[in-house]
Amino acid sequence: MAKEITSREQDYSQWYNDLVLKGELADYSAVRGCMVIRPYGFALWENMRDNLDRMFKETGHVNAYFPLFIPKSFLSKEAAHIEGFAKECAVVTHYRLKNDPNGGGVIVDPDAKLEEELIVRPTSETIIWNSYKDWIQSYRDLPLLINQWANVVRWEMRTRLFLRTAEFLWQEGHTAHATAEEAVAETVQMLDVYAKFVEEYMAIPVIKGVKTASERFAGAVDTYCIEALMQDGKALQAGTSHFLGQNFAKAFDVKFLNKENQQEYVWATSWGVSTRLVGALVMAHSDDDGLILPPRIAPLQVVIVPIYKGDDSRSVIDEKANKLTKELRAAGISVKFDNSDNRPGWKFAEYELKGVPVRIALGLRDIENNVAEIARRDTKEKKSVSLNGLSDTVRDLLEAIQQNMFNKAKAYQQMHVTKVSNWEEFKKTLEEKGGFISAHWDGTAETEEAIKEATKATIRCIPLNNEKEPGICVFSGKPSVQRVLFAQAY
RNA sequence: CGGGAGGUAGUUCAGCCCGGUAGAAUACCUGGUUUGGGACCAGGGGGUCGCAGGUUCGAAUCCUGUCCUCCCGACCA
């Protein structure tokens, strides 16, 4: 049995890797645990990034940029924070190379040792709070609502393209507030922004919740998260928003003078999503024929494939296709007319691999009848449509695909939240069905750890607005006040 | 950091056991015929066999070391 599960996991790993590589999203790089994001994959990330950035600005945030390097001493100012990150930090110890006196290569110049080592940021709380200390004097300086788009490095033991890489791109918001209530409201607001983005743009339904103490961000008072379900039944943390209390304000001595002329520590939040979302997109929607990208963020929404028959047809079809391309672009749809020298069948397969939502095939026969064959990637349905008002037809279809992808993923998610009442059911469900398991938990870290030890499942979150429902813990049999969501996770 | 499998053409891999001229498929280039689901014919270019030592007349092949990749485990706010 264990063997079968292993091979199933391997199959999914292989499936996922193929999707990313053949879909031309990313490649492995020469650097351990890092990846090269290819133009197509980067265009996808840019679309995600631009939409998120707009949503951040609509909620009053501004962008800034802080340094890549963090003095070692900064990290040690917040005890829990260093505890959480110390094991995975890349450290800069020298600032110069020199020619190897014993050979042709270069060596690190031992004379160029840094007095204080620099840490390549695993996250930027410390370097940012060092600046905030100087920026915040009075309640008039608050709230401070700043986001940065950056790369961070976490030296993970084991990496997977997009889902966990040693270096990744992300955004991190860092805000400072006059009151705890305001900071909590900000934390929840940004969680809502993330949930809205992931559901409405990426077409992936999420469960909003709060982490247990053991899964909490290092240095946070509360960690809120959105959890998504992948097609192999594993959960993926798609975004987090942390209420940091006054931990970082105290560590970096950031005080403000309130209206009553009293010194107070500020209240903080931080929140982030990363290129991991691209991995989520791949895992949540793809099939055996390749990627399936949601229209709202697809780098390419429509591809037009000409079906030539002899050289005579070429100019007629090209002319018509160029006209349609122009028409669709004018309607705000991203289109590629692929008149390259490959055969139609090759192109069909190619754009399916890359997840282009809509394909239009155009041949002489179609033009004579004033129609085109339009195919949707999500369901693979094909039909003939009139060329009159094609941009409206395509726009409606793109919207329908977006909706259908979300509905399908939502139905899958709902089918995979299972309420269980005892330990046998818990194990059986996890093994045979996967997904989220809604179960009573006695609230202790010991039980959480024991369940993880036994099944690899962790508490993904305590859903927001969770019903209070007395019961007994599925593992320990002790009293419980509510159900929580367990799952195996990425 | 433990266990397993690998590193040979752009890619996927064969060759290795049993040492003796560097291979296939695919991709790429040229010409032609084609085009409604990954075309065909002909010709062509492309590799310090991961790296470093060793054994040998001779190493992709054997030995030692080392680096890297993938899978599993440990680790992973």
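What you see is a predicted model, and the numbers here were worked out from it, not measured in a lab. Per chain, numbering begins at 1; letters A, B, ... match sequence-line order. Heavy atoms only: backbone and side chains are in, while hydrogens, waters and symmetry mates are out.
- The CD atom of E24(A) sits 18 Å away from the P atom of G10(B) (whole-angstrom rounding).
- Residue-level contact check: G363(A) touches the bases, meaning some heavy atom is under 4.0 Å from a base atom.
- Atom P of U35(B) sits at a distance of 13 Å from the matching atom of A39(B), rounded to the whole Å.
- Both Q14(A) and L364(A) sit near RNA chain B, but only L364(A) has its closest nucleotide nearer the 5' end.
- Atoms CZ (R460(A)) and C1' (C76(B)) sit 11 Å apart, rounded to a whole Å.
- Across all strands shown, U64(B) is found opposite A52(B) as a Watson-Crick or G-U wobble partner, with both distances under 3.5 Å.
- Comparing the same atom, C1', in A14(B) and in A22(B) gives a spacing of 12 Å after rounding to whole Å.
- Residues D338(A) and R359(A) are not paired through a salt bridge, judged by the lack of any N-O separation under 4.0 Å between the basic side chain and the carboxylate.
- The distance from atom CD1 of I360(A) to atom P of G36(B) is 19 Å, rounded to the nearest whole Å.
- One interatomic measurement links the two molecules: NZ of K309(A) to C1' of G36(B), which rounds to 6 Å at whole-angstrom precision.
- Base pairing analysis places U26(B) opposite G10(B); the two distances defining the Watson-Crick or G-U wobble pair are each below 3.5 Å.
- Contact annotation: K347(A) does not reach the phosphate of U35(B) (side-chain N/O to OP1 or OP2, under 4.0 Å).
- When each of G37(B), G36(B), G38(B) is scored by its nearest atom to the side-chain atoms of A361(A), the top-ranked nucleotide is G36(B).
- Figure legend. G19(B) is base-paired to no nucleotide; pairs are counted as Watson-Crick or G-U wobble with both atom distances under 3.5 Å.
- Taking atom P on both U61(B) and C51(B), the two are 11 Å apart, rounded to the nearest angstrom.
- Among the nucleotides C76(B), U35(B), C71(B), the one closest to the side chain of E156(A) is C76(B).
- Side-chain nitrogen and oxygen atoms of R343(A) include at least one within less than 4.0 Å of the OP1 or OP2 phosphate oxygen of A39(B).
- For R164(A) and C70(B), the CZ to C1' distance is 16 Å, given to the nearest whole Å.
- Remark: K380(A) engages E352(A) in a salt bridge, criterion side-chain N to carboxylate O under 4.0 Å.
- Comparing the same atom, P, in G45(B) and in A60(B) gives a spacing of 23 Å after rounding to whole Å.
- Between the C1' atoms of C13(B) and C49(B), the separation comes to 13 Å (whole Å).
- In this structure, K234(A) satisfies the cation-pi test against Y490(A), with its NZ or CZ atom closer than 6.0 Å to the six-membered ring centre and inside 45 degrees of the ring normal.
- The R314(A) side chain lies nearest to U35(B) when the options are U35(B), C76(B), G37(B).
- Contact annotation: side chain of R359(A) to base of G37(B), donor-acceptor pair present below 3.5 Å.
- Residue K382(A) places a side-chain atom within donor-acceptor reach of the base of G37(B), judged by atom type and a 3.5 Å distance cut-off alone.
- The CD atom of E83(A) sits 14 Å away from the P atom of C75(B) (whole-angstrom rounding).
- Within a 6.0 Å sphere centred on CH2 of W15(A), heavy atoms belonging to other residues, nucleotides or ligands number more than 12.
- A gap of 15 Å separates the P atoms of A5(B) and C63(B), to the nearest Å.
- Pair check for G45(B) finds none; no Watson-Crick or G-U wobble contact set falls under 3.5 Å.
- A distance of about 16 Å separates the P atoms of G50(B) and U69(B), rounded to the whole Å.
- Minimum atom distance to the side chain of K456(A) is reached by G73(B), of the listed U35(B), G37(B), G73(B).
- With C76(B), G38(B), G37(B) as the candidates, the nucleotide lying closest to the side chain of E88(A) is C76(B).
- Here L353(A) lies in heavy-atom contact (under 4.0 Å) with a base.
- Summarising the base pairing, A39(B) is matched to U33(B) through a Watson-Crick or G-U wobble pair whose two defining distances lie under 3.5 Å.
- Note on N17(A): a side-chain N or O is less than 4.0 Å away from OP1 or OP2 of C71(B).
- Comparing the C1' positions of G15(B) and U30(B) gives a spacing of 31 Å, expressed to the nearest Å.
- Summarising the geometry, the separation between CG on D312(A) and P on U33(B) is reported as 13 Å, rounded to the nearest angstrom.
- Note that K208(A) lies outside the cation-pi zone of Y224(A), set by a 6.0 Å cut-off to the ring centre and a 45° limit from the axis.
- Environment of NZ in K433(A): crowded, with over 12 heavy atoms of neighbouring residues, nucleotides or ligands closer than 6.0 Å.
- The residue G290(A) sits apart from the nucleic acid: no heavy atom pair falls under 4.0 Å.
- For the pair K320(A) and E327(A), the salt-bridge criterion is not met [side-chain N within less than 4.0 Å of a carboxylate O].
- Residues Q237(A) and L362(A) each lie close to RNA chain B; by heavy-atom proximity, the contact nearer the 5' end of the strand is made by L362(A).
- Among the atoms of the strands shown, base atoms are found under 4.0 Å from some heavy atom of A349(A).
- The distance from atom CG of D27(A) to atom P of C70(B) is 12 Å, rounded to the nearest whole Å.
- With a 6.0 Å cutoff to the six-membered ring centre and a 45° limit on the axis angle, K77(A) counts as a cation-pi contact of F74(A).
- When Watson-Crick and G-U wobble pairs are counted only if both distances are under 3.5 Å, G73(B) pairs with C1(B).
- Remark: the N342(A) side chain and the G38(B) base include no donor-acceptor N/O pair separated by less than 3.5 Å.
- Each of C76(B), G36(B), C71(B) was ranked by its minimum atom distance to the side chain of K87(A); first place goes to C76(B).
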